[in-house]
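In what follows, a structure is listed as structure tokens, so that the remarks can point back to it.
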Amino acid sequence: MRRAVAPAAGSRIDDVIRPRSRLQPILMSPPLAQFRRGASGRTIQSVGRVGKRVVLALDNAARIVLEPRMTGLVLLADPPNASHLRLVLELSGGSARQILFWDQRGLGVARLVTPEQFDTFYGPQRLGPDALEIPLHDLRQRLRGSRRPIKVALMDQALLVGVGNLYASEILHRALVHPARPCQQLRPEHWRRIHRELRAVLEEAIVHEGSTLSDGTYRVEREGRYQTYHRVYQRAGQVCLQCGRGSIVRIVQAQRSTFFCPCCQRSNGIRD
DNA sequence: CATATGTCCTGAGAGC
DNA sequence: TGCTCTCAGGACATAT
């Protein structure tokens, strides 16, 4: 998502518009009028990322943080439809004409923040290191004291950023670790496998431009293809592609679906 | 402190 | 057809 928006770097923001819609507006901070005054006339110096958020660094050191959450998209063109378009940054001076914030459910957030606010809300006090960069010892150090299930801890953005519900299940299946196992009980071999599969799953998913699920919303410039590589996610009742014996089970952890193979991901002992 | 739960919002699909 | 219910790449305030 960040890469698709990267060509907007160097462009000037001419205006910030909320398309009229029967739907609830997304949360903006500050409110639209003030947001527009603060962003208009500024040049986008870079398009970055903090975990799952897209970050536009402006020439006055302020930043725009776009947080799509579950069903939001940040795009330069071609949103899935017009009715769920929530916010438009109109641009000039470069190849991109606009940045679009599209969000089916409207849970997304757009923030214009000062450098101090950025550090407060998105700095290391609030958010952990990126999942693609965290070293093994750091991952282990941060999680291993916890009594929480490993799957729930992996999704805690204060510990590390970038792992959501879908990928947490996929990572643990490939790492052969039961999702309900408390972090405290995991052994060095488990952490090694979790660390390896964490990177592997996310990097493969990025190569295939993410997972377009049954709701059809997630896309970058076209639909993602990683859903065809899912081994457990939304495969409850189907045979495990890894062992060919177990059938995939769905459980609920912290109000979210978890999928795993009871055969490959047994809680006892260490397997390879 | 660490951990658990309810809530925001819209739409799709299942079951009756 | 229409109703109700459940569920969804998330994060945060508030409760325990």
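Per chain, numbering begins at 1; letters A, B, ... match sequence-line order.
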Test A:R144 against A:Q184 for side chain to side chain donor-acceptor pair (under 3.5 Å), laying out the working first. CA-CA 5 Å; A:R144 73 166 171 190; A:Q184 281 181 329; over 6 Å; no
Identified salt bridge (charged side-chain N to carboxylate O under 4.0 Å, His left out) partner of A:D130 from the options A:R49, A:R199, A:K52: A:R49
For residues 246-262 of chain A, which side-chain N or O atoms pair as donor and acceptor with protein atoms under 3.5 Å away, sequence neighbours left out?
unit_1, atom_1, unit_2, atom_2, d
A:R250, NE, A:S257, OG, 2.8
A:R250, NH2, A:S257, OG, 3.0
A:Q253, OE1, A:T258, OG1, 2.7
A:Q253, NE2, A:P179, O, 3.2
A:T258, OG1, A:K151, NZ, 3.1

With the criterion being N/O to N/O and under 3.5 Å, what pairs connect the protein with nucleotides 11-15 of chain B, and how long is each?
unit_1, atom_1, unit_2, atom_2, d
B:dG11, OP1, A:R22, NH2, 2.9
B:dG11, OP1, A:H84, NE2, 2.9
B:dG11, OP2, A:R22, NH2, 3.3
B:dG11, O4', A:Q104, OE1, 3.3

Quick check against the 3.5 Å criterion: does A:E209 have a side-chain atom that pairs as donor or acceptor with the backbone of A:E223? no
Report, one pair per line, the protein and nucleotides 3-6 of chain C atoms (nitrogen or oxygen only) whose separation is under 3.5 Å.
none

Using a heavy-atom distance cut-off of less than 4.0 Å, which residues of residues 218-234 of chain A contact DNA chain C? A:Y218, A:Y233
So A:G72, base contact, sugar-phosphate only, or nothing? Heavy-atom distance under 4.0 Å. nothing
Using Watson-Crick pairs (N1 to N3, plus N6-O4 or O6-N4) and G-U wobble pairs, both distances under 3.5 Å, which stems of at least 3 pairs involve DNA chain C? B:2-8 with C:10-16, B:10-16 with C:2-8
Protein-proximity profile, nucleotides 11-16 of chain C, B/S/- by nucleotide at the 4.0 Å heavy-atom cutoff, equals SS----
If the plane angle is over 60° it's perpendicular, under 30° parallel, otherwise tilted; pick one for A:Y122 and A:F118. tilted
Can you tell me how far C1' of B:dA4 sits from CZ of A:R148, to the nearest Å? 9 Å
